[in-house]
J.: 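The structure follows.
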4 protein chains.
Amino acid sequence: MSAKHPSRRGPKKALRRGRKPKEGRPQEILAAAFEEFAANGYAAARLEDVARRGGIAKGTIYLYFKDKEGLYRAMVRSLIYPALGTIAGLVDSPSGSAEELLRKLISGHYALVVRNKKARDILRLLIAESGKFPQLSDIFHREIIEPGLSTLRRILEKGVASGEFRKAKINDFPQILIAPGVLATIWFMMHGERHRLDLDAYMGAHIEFVLNGLRKRGEHS
Amino acid sequence: MSAKHPSRRGPKKALRRGRKPKEGRPQEILAAAFEEFAANGYAAARLEDVARRGGIAKGTIYLYFKDKEGLYRAMVRSLIYPALGTIAGLVDSPSGSAEELLRKLISGHYALVVRNKKARDILRLLIAESGKFPQLSDIFHREIIEPGLSTLRRILEKGVASGEFRKAKINDFPQILIAPGVLATIWFMMHGERHRLDLDAYMGAHIEFVLNGLRKRGEHS
Amino acid sequence: MSAKHPSRRGPKKALRRGRKPKEGRPQEILAAAFEEFAANGYAAARLEDVARRGGIAKGTIYLYFKDKEGLYRAMVRSLIYPALGTIAGLVDSPSGSAEELLRKLISGHYALVVRNKKARDILRLLIAESGKFPQLSDIFHREIIEPGLSTLRRILEKGVASGEFRKAKINDFPQILIAPGVLATIWFMMHGERHRLDLDAYMGAHIEFVLNGLRKRGEHS
Amino acid sequence: MSAKHPSRRGPKKALRRGRKPKEGRPQEILAAAFEEFAANGYAAARLEDVARRGGIAKGTIYLYFKDKEGLYRAMVRSLIYPALGTIAGLVDSPSGSAEELLRKLISGHYALVVRNKKARDILRLLIAESGKFPQLSDIFHREIIEPGLSTLRRILEKGVASGEFRKAKINDFPQILIAPGVLATIWFMMHGERHRLDLDAYMGAHIEFVLNGLRKRGEHS
DNA sequence: CATGAATGAGATTTCATTCAT
DNA sequence: CATGAATGAAATCTCATTCAT
C-alpha cells in the first residue's frame, strides 16, 4: 500500500518549496485529481487518494474546491481549455498544399491524442461521465470538436479549390477523415497494452486511405 | 448463455408467479442491472435500484450472483455473447459482390450499433470500466471485435480477388473501414441528443468515401 | 465511553424481543434521540450516540428518518402532539368553582411541567433551537400554548361571571397567571439541582398570590 | 480560571489602526463572538464566522483566548458582570414609596431585559448551554439573580414595614413578582416576531396584577 | 501581534452485504 | 426461494486548532 502518511508535518513545506516552484496549490491538486479520476472514474475515485497523491491533507482540497463535483469539473475544464491551443498549432502554417496540411493534422492527431495517454484518459472520462456531467461534454464539443472540425473543413475546401481534392459528400462530415484515429484511441482505451496495434503502420494505412479517397481520379497513390 | 452464474437452475422459472413466464429470474435481474449500470456506471449504480427496477428484494440478487461485481460481469457477458450471432448474421449470404457485402456490413453496423442505444450503452460501459474489468474488454474483443474484423477482412480479400478493390495498406487494418461508424457511436455517447448528427447523410458519406477509397482507379464514382 | 459495541450480533435481537414488545423501532429511536438531543442540544448531539443509546447501528436510523434534521423534527413532534391530551385532562371536570379549577390547573402545571424533567428538556430544546427550527416552535405554540391559554381564559371568564373574580386587565393576558410556574421551570433548566427551590412552598406562594390578585376585595384571604 | 484570559495586555489597544479607538481587540472579538453564539448556539457557531464578523483572522482569536470554550466563557462573563450595575441602578433612589420602587423595578426589567434582544439572547444561551456550562449559569445566578432578588426582597420588606403591602408567602419568593416579565422574555425568545404580544398592555396588566396582589385589602385598585 | 493555509479528527451519510424469518 | 431490516465499513465534508511567515 506504499507510504500512507506521506511526509507528515515539517518536511512537507520544505519539500514542496523545492519541487514545483511555479505551479500553485490548486494546480497540484488538479493534477492529482486527474490521476485519480482517470484511474478510477468519478464515482470510484476517493478524495483521500487525491489528497495522498497530492501530498496534502483531505481538508486542503476543500480550501480550493467546493466539493468532489467542483473538483472534477475544474479538473476537466483545466484540461479542455488549454488543449485548444495545441490543436490550433497543428496547422498554423498556411503554406503548403491541402494534402500537406491534412497529413500534418492527422499525424498531429496521432501524436497528441491517440498516442497520448493523458488525452485518452480525459476522453474516456468525458465518455464515461457524460451522463452525469453533460455540460463538460458540451464544453469539450465547443472548445475542441467544433474548432477541430472547422480546421478540417477549411483544409478540405482549400483542397477542393486548388483542385487537389474532389468534391464529395465527405465535405459535410469532415470528422470521417479522422475517424480511424478516434477508433485507435478507443482501441487503446479499452485494451491498453493488451492487444497491440502497430500504430505506425495503422496511421500509414489511415493516411493513405484518406488521401486516396479524396484525391481526384487518375492521380498517383 | 454459457456463463454459469446466472440460470443455474433452468426449471422452475416458467412456473413461478405467472409474472413473466418466459424469462427466468436471473434474466430479469440482469436486465434491471443493465439499465442501472448503463445509467450510472458501475460504481455509482446502487443494487437497491437494480432490485427495485427488477421488482424484487435486494437480497434476492445475492441468490443468483455472488456480489455486485459478479452481477456486473454476468450482465456484460450476457450481452456480449449473444451479440456475436447478430453480427455474423449481417453478411451470412455468401452471394453478392464484395461491395454489396461491405455496404450491408456497414449499414448493419449503423442499424445494430450506432443507432442502438443499448449497444452504445454497453460499449460505453466497456470503455468506462475497462480499467476495473479488463477481462470483460478482452471477452468483448475476442467475441465481437475479432470476428467482426475477420468478416471485414474476408470481404476485402474477396473484393481484391474479384478485382473490385485495389490492394492497399488498409487490408491490414480493416477496422478503418468502419471507423466512421465508431466515431458516430462515440458522438452519440457523448452528446446524446444535444448535438444532432444527420445519420442518414453521414452514413451515406461514410459509404461513399469508403468505397471510393477501395475501388480501383478509373471506375465509376 | 462504556461498552462500545453493545451486544453485537445474535443476542441483540433476542434481547430486543423481550424488552419492549409493544413499541416499534422508530419509537425506540425517537426515545434515544430525545435523550441525546436533550442532553447535548441539536448540533452537539451525535447520531452515533443516538444509535448506541437505542442499541442499534448508525445506519438503522436512516431507515426511518431522512437525516439528523428529520430525526430531530420527528422527535419534537412526537413529544408535542400527545402532550396536548394531558393538558386538556387537567380541567376536564366542568364542575367546581373557578378557583377550584384554577388551583387544579396551576398545580397540574407544576406536576406535569415544572417538576417533569422530560417536559423541561423539550421546552429547553424549543427555546434553544427556535432560531433553527421556528416551525417546531410554532407547532408548540399552536398545539400547547394556545389551547392552554384558552383554558385559562375560560376559567377566568367563568370566575368573573360567577362573581368569584374581579374584572381586570389580566383577563387579556391569562399567561400571567402561570408565569411563576414558567419561571420555576426556567430556574430548574438553568440550575438543575444546584440551586434548590422549595417547590411546594413556592407553588403555595404562587397560588396564594394569584388568587389574592384575582379575588374581589373584601373576601377572605 | 477567573477573568484573566481576555484583556491581558491593557495598553496598545487605543492606538491600533484607528479602527475603533476606544475598544480593544479582545472586546471586538467578544462582541463578534456574542453575535455568532447568539445566532447559532455554542456548538453550531463557527470560529471562522466569529473572525469574519470581527474583521480579523481566525488565528487571532487564539492570541486572546485559549480555545472556543474559553472564548465562549469569556464572552458570557463579559456580558454578565457589567449587567449587574445596570440592574442596581434601577432602584438606586432610596426615596419613594415601595410601590414606586416596585413599578420602577418591573418597568426597568421590561426595558432592559424583556425588550432587549441582547439580554434575551444571552439568557437563551444560558438556558441552552447550562448543561455544558453550569458554572456560567452559576455566575449568572450569583451576579444577577441573587442581587436582583435581594433588591426585590428589600422593596417588599420596605412595603410591609411602611404598611403599603400585606404580609404574605410571596415575600419568600420575590421572583414571583417579575415572573410575568420572564415569561414574556421566553415568549419572545421562542416566537420572535411571529406571535406578537402587546407588551405595553401586557406590562400594564402585569403591574396592576402584582400591586393588586400585594396591597392591603380595602385600598384603591 | 496578526495572518490564513493547512491539518486531521470527527461527524454525517451511503450502501453492499448478511441473515432471521 | 424470497424478503427487507439491520449492519458497519467507508466515503464525503466540516471546522477547531496549529504554525510558518
Side-chain angles (χ1 to χ4, degrees), chain A residues 5 8-10 12-14 16-17 24-25 43-51 55-71, chain B residues 9 12-13 16-17 25 43-52 55-71, chain C residues 5 8-10 12-14 16-17 24-25 43-51 55-71, chain D residues 9 12-13 16-17 25 43-52 55-71:
Chain A
H5 284 304
R8 80 202 78 155
R9 222 10 65 76
K12 195 170 307 169
K13 269 283 172 58
R16 179 157 318 291
R17 226 182 320 163
R25 256 296 150 81
R46 296 162 65 243
L47 289 194
E48 178 141 22
D49 288 341
V50 172
I56 57 172
K58 260 179 305 172
T60 305
I61 295 172
Y62 292 88
L63 294 179
Y64 301 98
F65 305 96
K66 186 180 175 297
D67 53 14
K68 190 183 185 182
E69 204 171 306
L71 173 62
Chain B
R9 42 203 102 44
K12 250 162 292 178
K13 27 181 169 175
R16 194 193 42 266
R17 224 80 67 73
R25 251 307 145 79
R46 297 162 67 245
L47 289 195
E48 177 140 21
D49 289 340
V50 171
R52 176 159 31 238
I56 55 170
K58 244 186 309 177
T60 306
I61 295 172
Y62 288 85
L63 295 177
Y64 299 97
F65 306 96
K66 184 176 176 300
D67 52 15
K68 192 184 185 183
E69 205 172 304
L71 173 62
Chain C
H5 284 304
R8 81 204 76 155
R9 223 9 68 75
K12 195 171 308 170
K13 271 283 174 56
R16 178 158 316 292
R17 228 184 316 164
R25 257 296 151 80
R46 296 162 63 242
L47 289 194
E48 178 141 22
D49 289 340
V50 172
I56 57 172
K58 261 179 304 174
T60 305
I61 295 172
Y62 290 86
L63 294 179
Y64 301 97
F65 306 97
K66 185 180 176 298
D67 52 15
K68 191 184 184 182
E69 203 170 308
L71 173 62
Chain D
R9 44 205 99 45
K12 250 162 288 176
K13 28 182 168 176
R16 195 194 42 264
R17 220 82 66 74
R25 253 304 147 80
R46 297 162 67 246
L47 288 195
E48 177 140 22
D49 289 339
V50 171
R52 175 159 33 235
I56 56 170
K58 242 185 312 175
T60 306
I61 295 173
Y62 288 85
L63 296 176
Y64 299 97
F65 305 96
K66 183 177 177 297
D67 53 14
K68 191 184 185 183
E69 207 172 304
L71 172 62

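Numbers restart at 1 for each chain; the letters A, B, ... are given by sequence-line order, proteins then strands. Quick caveat: nothing in here was measured; it's all calculated off a predicted structure.
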J.: Measuring from the side chain of D:Ile56 (C-beta onward, heavy atoms only), which nucleotide among E:dT3, F:dA11, E:dT17 has the closest atom?
T.: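 Among E:dT3, F:dA11, E:dT17, the one nearest the side chain of D:Ile56 is E:dT3.
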J.: Rounded to the nearest angstrom, tell me the gap between atom CG in B:Asp67 and atom C1' in E:dC15.
T.: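 Interatomic distance, CG of B:Asp67 to C1' of E:dC15: 14 Å.
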J.: Are any of A:Tyr62's side-chain N or O atoms less than 4.0 Å away from OP1 or OP2 of E:dA5?
T.: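 No, no such contact exists.
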J.: So do B:Lys68 and B:Leu71 actually touch side chain to side chain, heavy atoms under 4.5 Å?
T.: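 Heavy-atom side-chain distance check fails, nothing below 4.5 Å.
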J.: Please round to the nearest 0.5 Å and tell me the distance separating atom OG1 of A:Thr60 and atom CZ of A:Phe65.
T.: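 Taking OG1 in A:Thr60 and CZ in A:Phe65, the distance rounds to 11.5 Å.
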J.: If you only use heavy atoms from C-beta on, which nucleotide in E:dT13, F:dA5, F:dA2 is closest to the side chain of C:Tyr64?
T.: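 Per side-chain heavy atoms of C:Tyr64, the pick is F:dA5.
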J.: Just verifying a value: how many Å separate D:Ile61 CD1 and D:Asp67 CG, rounded to the nearest 0.5 Å?
T.: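 Going from CD1 on D:Ile61 over to CG on D:Asp67, the span is 11.0 Å.
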J.: If you assign each of B:Gly59 and A:Gly59 to its closest nucleotide in DNA chain E, which residue comes earlier from the 5' end?
T.: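 Final value for this comparison: A:Gly59.
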J.: Would you mind reading off the distance between C:Glu48 atom CD and F:dT7 atom P, rounded to a whole angstrom?
T.: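 Computing the C:Glu48:CD to F:dT7:P distance gives 13 Å.
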J.: Any side-chain N or O of C:Arg25 below 4.0 angstrom from OP1/OP2 of F:dA5?
T.: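 No, outside the criterion.
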J.: Quick one: which of E:dT3, F:dA6, E:dG8 gets closest to the side chain of A:Ala57?
T.: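 In terms of side-chain proximity for A:Ala57, the closest of E:dT3, F:dA6, E:dG8 is E:dG8.
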J.: Students often get this wrong, so: under 4.0 angstrom with heavy atoms, is A:Ala45 touching a base, only sugar-phosphate, or nothing?
T.: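 Touches sugar-phosphate only.
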J.: Regarding D:Ala43, tell me which of base, sugar-phosphate or nothing describes its non-hydrogen contacts under 4.0 Å with the strands shown.
T.: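 No contact at all - D:Ala43 keeps every heavy atom at 4.0 Å or more from the nucleic acid.
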J.: Using Watson-Crick or G-U wobble geometry with both distances below 3.5 Å, tell me the partner of F:dT21, or none.
T.: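 Answer to the pairing question: E:dA2, which forms a Watson-Crick or G-U pair with F:dT21.
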J.: What are the two closest heavy atoms between D:Arg46 and D:Arg52, and how far apart are they?
T.: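 Scanning both residues, the minimum pair turns out to be NH1-NH2, 4.3 Å.
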J.: What is the distance, rounded to the nearest whole Å, between atom CG of A:Asp49 and atom C1' of F:dA10?
T.: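 Roughly 12 Å, once rounded to whole Å.
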J.: Take atom CG of A:Leu63 and atom P of E:dG8, then tell me their distance rounded to the nearest Å.
T.: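 The answer, rounded to whole Å, is 13 Å.
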J.: So does D:Arg46 get a side-chain nitrogen or oxygen closer than 4.0 Å to the phosphate oxygens (OP1/OP2) of F:dA16?
T.: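 No.
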J.: Whole-Å distance between F:dT18 C1' and D:Phe65 CZ?
T.: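 About 18 Å, once rounded to whole Å.
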J.: Measure CZ/B:Arg52 against P/E:dC15 and give the value in whole Å, please.
T.: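 After rounding, the reported distance stands at 11 Å.
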J.: Under 4.0 Å between any heavy atoms, over every strand shown, what does C:Leu47 touch: base, sugar-phosphate, or nothing? Just pick one.
T.: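 C:Leu47: backbone/sugar contact only, no base atoms under 4.0 Å.
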J.: Is there a side-chain contact (heavy atoms from CB on, under 4.5 Å) between B:Arg25 and B:Ile56 once you walk through the steps?
T.: CA-CA 9 Å; B:Arg25 251 307 145 79; B:Ile56 55 170; 3.7 Å; yes
J.: Round to a whole Å and report the spacing from NZ of C:Lys58 to P of E:dT14.
T.: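 The distance from NZ of C:Lys58 to P of E:dT14 comes to 13 Å, rounded to the nearest Å.
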J.: Without decimals, in angstroms, what is the distance between A:Ile61 CD1 and F:dT14 C1'?
T.: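 These atoms are roughly 14 Å apart.
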